[in-house]
Amino acid sequence: MTEQDTAAAVETITDETVPDEDARDEADIAADYIEELLDICDLDGDIEIEERAGRVYLSVTDDGEALRVLSKPDTVTALQELTRIAVQAETGEFSRLILDVGGSRDARASELQRLVDTAVERIEAGSSSAALPPMSSYERKLVHDLVAEKGFHSESEGEGRDRHTVVTR
């Protein structure tokens, strides 16, 4: 290998390993994706981005009821997965972003609190355990935290779409 061949090889390796200057971060890619979706649906919404513990939280809000059609739990979960896929397609990295549309995450957190309260009441009434319905990993994490706050124990059981949380004393 000549000196010129070595220099060309080093230059090629260097060019391939330098990140693209135009690469955008996860939050910007996700926000652009959601903004484009809102445009396609002819919906108005404000997008707020927050980062907590290395995870991007994207909230879409509006002043009226326009987002109600997109704020149903199953719809938000589907949009979140589509947004994660869009981010991964552009960055090549797995995305753990959390999407909230029209306050749906707060509403779901309240539902989860009620489920935990009911499970704890059943255990205090004599049941040895209380199984909650299947839910996403994010929701199970919230449930584990809520259960621990009440001084009880919880574990996830099952596989795939049947994965759920069981609360015990």
Side-chain angles (χ1 to χ4, degrees), residues 25-27 29-31 33-38 40-89 91 93-169:
D25 68 350
E26 179 179 14
I29 295 166
Y33 181 81
I34 293 296
E35 187 173 319
E36 191 170 324
L37 175 81
L38 291 174
I40 290 169
C41 296
D42 196 29
L43 295 172
D44 291 324
D46 297 321
I47 299 173
E48 299 170 10
I49 300 170
E50 184 180 342
E51 186 177 333
R52 290 181 270 168
R55 182 176 270 192
V56 172
Y57 289 78
L58 200 71
S59 296
V60 184
T61 59
D62 71 342
D63 292 333
E65 298 291 317
L67 294 176
R68 186 177 357 175
V69 69
L70 297 178
S71 66
K72 295 177 180 142
D74 289 342
T75 305
V76 174
T77 299
L79 290 174
Q80 177 176 282
E81 288 308 310
L82 289 171
T83 306
R84 286 176 172 179
I85 290 169
V87 169
Q88 184 172 353
T91 66
E93 300 288 326
F94 177 75
S95 172
R96 295 178 51 225
L97 76 85
I98 300 297
L99 178 65
D100 178 39
V101 179
S104 62
R105 291 288 175 193
D106 289 339
R108 182 63 176 152
S110 294
E111 288 177 39
L112 294 174
Q113 181 66 63
R114 285 191 295 279
L115 285 172
V116 167
D117 291 345
T118 301
V120 166
E121 287 172 9
R122 287 178 45 205
I123 293 168
E124 288 175 335
S127 292
S128 60
S129 66
L132 302 180
M135 57 189 70
S136 70
S137 60
Y138 175 76
E139 291 174 339
R140 287 192 314 274
K141 167 70 169 105
L142 291 177
V143 166
H144 290 307
D145 292 345
L146 293 169
V147 168
E149 285 175 12
K150 294 201 168 277
F152 287 78
H153 179 73
S154 61
E155 288 185 20
S156 293
E157 294 182 359
E159 298 294 325
R161 297 185 65 86
D162 293 328
R163 192 135 174 96
H164 62 280
T165 307
V166 176
V167 180
T168 57
R169 199 167 273 285

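In this text, all values refer to a predicted model and were calculated from it rather than measured experimentally.
Remark: Arg163 CZ is packed, more than 12 non-hydrogen atoms of other residues, nucleotides or ligands lying under 6.0 Å away. Summarising the local packing, CD of Glu36 is surrounded by 12 or fewer heavy atoms from other residues, nucleotides or ligands at distances under 6.0 Å. Counting heavy atoms of neighbouring residues, nucleotides and ligands inside a 6.0 Å radius, atom CG of Asp44 does not exceed 12 of them.
The side chain to side chain donor-acceptor pair (under 3.5 Å) with Ser95 is formed by just one residue from the set Arg84, Gln80, Glu81, Glu26; it is Glu26.
Not one N or O on the side chain of Arg169 forms a donor-acceptor pair closer than 3.5 Å with the backbone of Ser128. Ser104 contributes no side-chain N or O that, together with a main-chain N or O of Asp100, makes up a donor-acceptor pair within less than 3.5 Å. Here the side chain of Arg55 pairs no donor or acceptor atom with the backbone of Leu97 at under 3.5 angstrom. Formation of a donor-acceptor pair under 3.5 Å by the Arg140 side chain with backbone atoms of Met135 is found in this model.
Heavy atoms only, all atoms of each residue included: Gly54 and Glu51 are closest at CA-OE2, 3.8 Å. Taking all atoms of both residues into account, the shortest heavy-atom contact from Gly45 to Asp62 is CA-CB, 4.4 Å. Between Leu38 and Leu67, the shortest heavy-atom contact is CD2-CD2, 3.9 Å. Taking all atoms of both residues into account, the shortest heavy-atom contact from Leu70 to Val76 is O-CG2, 3.3 Å. Here the closest heavy-atom approach between residue Arg122 and residue Ala131 is recorded as NH1-O, 4.4 Å.
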Full working for side chain to side chain contact (heavy atoms under 4.5 Å, CB included) between Glu93 and Val87: CA-CA 8 Å; Glu93 300 288 326; Val87 169; over 6 Å; no
side-chain hydrogen bond (donor to acceptor under 3.5 Å, both in side chains) between Ser154 and His144, worked out: CA-CA 6 Å; Ser154 61; His144 290 307; 2.5 Å; yes
Side chain to side chain contact (heavy atoms under 4.5 Å, CB included) between Leu37 and Leu43, worked out: CA-CA 9 Å; Leu37 175 81; Leu43 295 172; over 6 Å; no
Derivation and outcome, side chain to side chain contact (heavy atoms under 4.5 Å, CB included), residues Ile34 and Val101: CA-CA 10 Å; Ile34 293 296; Val101 179; over 6 Å; no
Residue pair Thr168, Glu155: steps toward the side chain to side chain contact (heavy atoms under 4.5 Å, CB included) verdict: CA-CA 8 Å; Thr168 57; Glu155 288 185 20; over 6 Å; no
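With rounding to the nearest 0.5 angstrom, the OG atom of Ser136 is 7.5 Å from the CD1 atom of Ile98. The distance from atom CD1 of Ile29 to atom OG1 of Thr83, rounded to the nearest 0.5 Å, is 11.5 Å. Rounding to the nearest 0.5 Å gives a distance of 12.0 Å between OH of Tyr33 and CG of Leu58. Rounding to the nearest 0.5 angstrom, the gap separating the CG atom in Leu112 from the CG atom in Leu142 is 6.0 Å. Taking NZ of Lys141 as the start and CG of Leu146 as the end, the distance is 9.5 Å to the nearest 0.5 Å. With rounding to the nearest 0.5 Å, the separation of CG in Asp25 from CD1 in Ile49 is 7.5 Å.
Glu139 has its side chain out of reach of Thr165: every pair of non-hydrogen atoms, C-beta onward, lies at least 4.5 Å apart.
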